[in-house]
Amino acid sequence: MERNYKLPREGGLEPGADPEDIIRRFEKIHTTIFENEATGAQYVAEEIAACIREKQSEGEMCVLGMTTGKSPVGLFRAMVDLHKQGLSFSNVILFSLDEFFPIAPEELQSRNYSMHENLLDHIDIKPENIHIPDGTLPQNKVSTFCHDYENLIEEFDGIDLMVLGTGVQGQIGFNEPGTYPNTRTRLVALGNESRKAAASIFYGIENVPHKAITMGLKTIMDAKRIILIAWGEEKAQVIENIVEGEHQLLVPATCLQEHKNVEVVIDEGAASQLTRIKTPWLVGRCQWPPRFIRTAVLWLCDQVKKPILKLTYQDYVDNRLGQLLEISGMAYDEINIQVFNDLQHTITGWPGGKPNADDSTRPERAKPFPKRVLIFSPHPDDDVISMGGTFRRLITQGHDVHVAYETSGNIAVHDDVVLQTIDTARECGFEDKYDEVKAIIDGKRKGEPEPLALRQLKGSIRRGEAKAACRHMGLNDKTNVHFLNLPFYETGGVKKGVLTDADISRVVALLQELKPDQIYAAGDLSDPHGTHRTCIEAVLEAMNTIRDEAWTKECRFWLYRGAWQEWDLDMVDMAVPLSPDEVVQKRHAIYRHLSQKDVMPFPGEDKREFWQRAEERTQNTARLYDKLGMAEYQAIEVFVRLRLFN
């Protein structure tokens, strides 16, 4: 199920106003941007198919080099679809880019397993034409294997088409920052960042191998054609470095700038830091709707370190924004006032709307009052982490607030937390299940889905924590808290299932029961394959299913961010200030999620606790508003409005 979920964007380069060479002048690699991963993956699949068919027509073998990991999952799906439509892979020789070491091919985390599961088992490639580095070799045999791997590639006259992904540091394959450009296939030591990136699929960094076998940069650069793919906002900064940055050893993928036949294929999220997307006025003539004017002016404030109302005519001219004055027909001070008022009107202490008030410049309507509000939380803590202050404000202002926890979050509970909980129950005089649960935990096999009985216990722990947080907020956990337990999540492992009608029907049932006036949902796009993304797609698909019901036309849809990042201010439609006391109350609600305190199983790059991240983020947002000339607040939570049906 592919939905084109994207955030609202206005303005940008005026189509056809400037030649491609001008608007791409900062880009050192030809880059093609697609609306979403699905269309980008389809394009790359068609390029691969064209290469295969060309070789077939000449009676030759087509030699493909193929990346693994998360990036090519959609591409593999598109390639399998093309096979079902008649594309034969019988003349394809495939060389996999890398493999962990040591690791067995049947382990779920191995590149070998992933490539077979997602691609090779579904196409007609001949087994003898599949070449994947062997993670089971004795270490003293690896050097010989790598030498033979290189010779085999050379025997087939090199790689015709190499498809690459990239890590957030610019790794290609397991070529770490600092890799020299003359390297060949070899055993490498994995850097800490690469091991952390793989930690979730291995159930902790301690289980991630310290080594890997990878093609070298010279092996990659010898390919006749290269396509690098990247999806989602989490890859935006590294794509900007690869495409527009300087060639440097610390960003290995920048070596691709030296290749004569290379293309970068990305979606809009991964493209968001490129000059022609982020600051298009620097490369061409733009269209200037009001929201895009806000984008440019806030950028200008950051460039010259001034609040909005102190910007001068010279600031605009010196920073390539003279065209804004020319095209808009407004003086610089008129633009300053327009943007100042626009941003100021995002600020409200009444996220549910202020009753009996003029709402013409407020983010939310005054009527109806009170409103029925539904907060969708992907995991059992995203609600309080990301919008805990607004959550509390909605309750205290008299609205009928409901929370729907979309997934159980069960895999994010450590085994020792389960044992501590069971031991506490035993000490309280309840039935002694400690030894029974300990035996289940001891029987787990590394890399395999957790036993159902253990997952159920972990889900119960997280439900109890979520209800405690809701009670702290003042919510009735018996009537206003809903646990959807969407089936896509319940695989027992880090890798989740695909979204199906079984998931969507649960969301539809709750929406039809409550018929909310307001919906809040996590609008994260950083990881195209992540739980948050799947959860927002479930909600949007459910809303689309019932879009003809009258209440949906009056329902306002607000997006908050998850724990990892915040909305840029140029996108913000509603900003809810928090007092110092509200910040503390939000912190205490986050504390109720005891299994997620101190050490989380999947913390990401940021090792701070969730309450620390949340406070730093909201306080930083308040500082940004202050620097732009707004009132000074302790903290601010921000939201983007998604207009679903208009």
Just so I know, are the side chains of [X] and [Y] near enough to count as touching, which here means a heavy-atom distance under 4.5 Å?
X	Y	answer
Thr346	Met574	no
Thr531	Glu406	no
Arg592	Arg471	no
Ile227	Val264	no
Val507	Ile504	no
Phe639	Pro363	no
Pro516	Leu511	yes
Ile33	Asp267	no

Distance alone, cut at 3.5 Å: any donor-acceptor contact between the side chains of [X] and [Y]?
X	Y	answer
Ser272	Glu233	no
Gln273	Lys278	yes
Tyr520	Gln518	yes
Ser194	Gln171	yes
Asp382	His532	yes
Asp383	Tyr405	yes
Gln323	Glu326	no
Tyr313	Asp318	no
Gln634	Ser579	no
Glu566	Tyr560	no
His472	His588	no
Asn620	Arg617	no

Polar side-chain atom of [X] near backbone of [Y] as donor-acceptor pair, under 3.5 Å:
X	Y	result
Thr312	Asp315	yes
Arg393	Gly349	yes
Asn544	Arg547	no
Ser386	Arg561	yes
Asp626	Ala631	no
His345	Asn341	yes
Lys371	Gly352	yes
Thr552	Asp548	no
Gln612	Glu609	yes

Could you give the distance from [atom1] ([X]) to [atom2] ([Y]), rounded to the nearest 0.5 Å?
X	Y	atom1	atom2	result
Ile293	Gln287	CD1	CD	12.0 Å
Leu343	Leu298	CG	CG	6.0 Å
Thr545	Glu549	OG1	CD	10.0 Å
Asn319	Leu324	CG	CG	12.0 Å
Glu244	Arg25	CD	CZ	10.5 Å
Ile536	Leu559	CD1	CG	5.5 Å

List the steps, then state whether ring-ring contact (aromatic ring centres under 6.0 Å, His included) holds for Phe610 with His593. CA-CA 10 Å; Phe610 285 127; His593 293 274; 9.1 Å; no
Strictly below 4.0 Å, N to O, side chains only: are [X] and [Y] in salt-bridge contact?
X	Y	result
Glu537	Arg533	yes
Asp21	Arg24	no
Lys354	Asp359	no
Glu554	Lys367	no

Between Gln237 and Glu240, does the side chain to side chain donor-acceptor pair (under 3.5 Å) criterion hold? Intermediate values first, please. CA-CA 5 Å; Gln237 188 56 62; Glu240 191 273 334; 3.2 Å; yes
What are the two closest non-hydrogen atoms of Cys286 and Pro280, and how far apart are they?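 Of all heavy-atom pairs spanning Cys286 and Pro280, the closest is SG-C, 3.7 Å.
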Looking only at heavy atoms, what is the nearest atom pair of Leu274 and Ile266, with distance?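 Closest approach of Leu274 to Ile266, heavy atoms only: CD1-CD1, 4.0 Å.
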More than 12 heavy atoms of other groups within 6.0 Å of Asn356 CG: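 Counting neighbours around CG of Asn356, 12 or fewer heavy atoms of other residues, nucleotides or ligands fall under 6.0 Å, so no.
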Heavy atoms of other groups near Lys627 NZ, more than 12 under 6.0 Å: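 Open: at most 12 neighbouring heavy atoms sit under 6.0 Å from NZ of Lys627.
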For the pair Glu27 and Arg276, evaluate salt bridge (Lys or Arg N to Asp or Glu O under 4.0 Å) and give the outcome as yes or no after the intermediate values. CA-CA 9 Å; Glu27 298 172 18; Arg276 61 175 153 132; 2.5 Å; yes
Can you list the steps and then say if Lys586 with Glu615 is a salt bridge (Lys or Arg N to Asp or Glu O under 4.0 Å)? CA-CA 9 Å; Lys586 172 179 175 176; Glu615 290 188 16; over 6 Å; no
So Tyr625 and Gln344, side chain to side chain donor-acceptor pair (under 3.5 Å) or not? Walk me through it. CA-CA 9 Å; Tyr625 268 87; Gln344 188 177 53; over 6 Å; no
Flag this pair as yes if the NZ/CZ of Arg320 is under 6.0 angstrom from the six-membered ring centre of Trp281 and inside a 45 degree cone about the axis; otherwise no.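 No, Arg320 does not sit over the ring of Trp281.
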Verdict with reasoning, Thr618 to Glu637, per side chain to side chain donor-acceptor pair (under 3.5 Å): CA-CA 6 Å; Thr618 55; Glu637 294 175 344; over 6 Å; no
Could you go step by step and tell me if Arg291 and Asp573 meet the salt bridge (Lys or Arg N to Asp or Glu O under 4.0 Å) rule? CA-CA 10 Å; Arg291 184 55 63 89; Asp573 294 298; 2.8 Å; yes
Asp400/Arg372 under salt bridge (Lys or Arg N to Asp or Glu O under 4.0 Å): CA gap, chis, key distance, verdict: CA-CA 5 Å; Asp400 180 20; Arg372 177 165 287 177; 2.9 Å; yes
Should the pair His402 and His482 be assigned to parallel (<30°), tilted (30 to 60°) or perpendicular (>60°) ring geometry?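 Geometry flag for His482 against His402: parallel rings.
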Identified side-chain hydrogen bond (donor to acceptor under 3.5 Å, both in side chains) partner of Arg392 from the options Gln397, Glu582, Gln585: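 Filter result, single survivor: Gln585.
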For a salt bridge (Lys or Arg N to Asp or Glu O under 4.0 Å) with Arg294, tell me which candidate from Asp570, Asp568, Asp342 qualifies.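 Passing option: Asp342.
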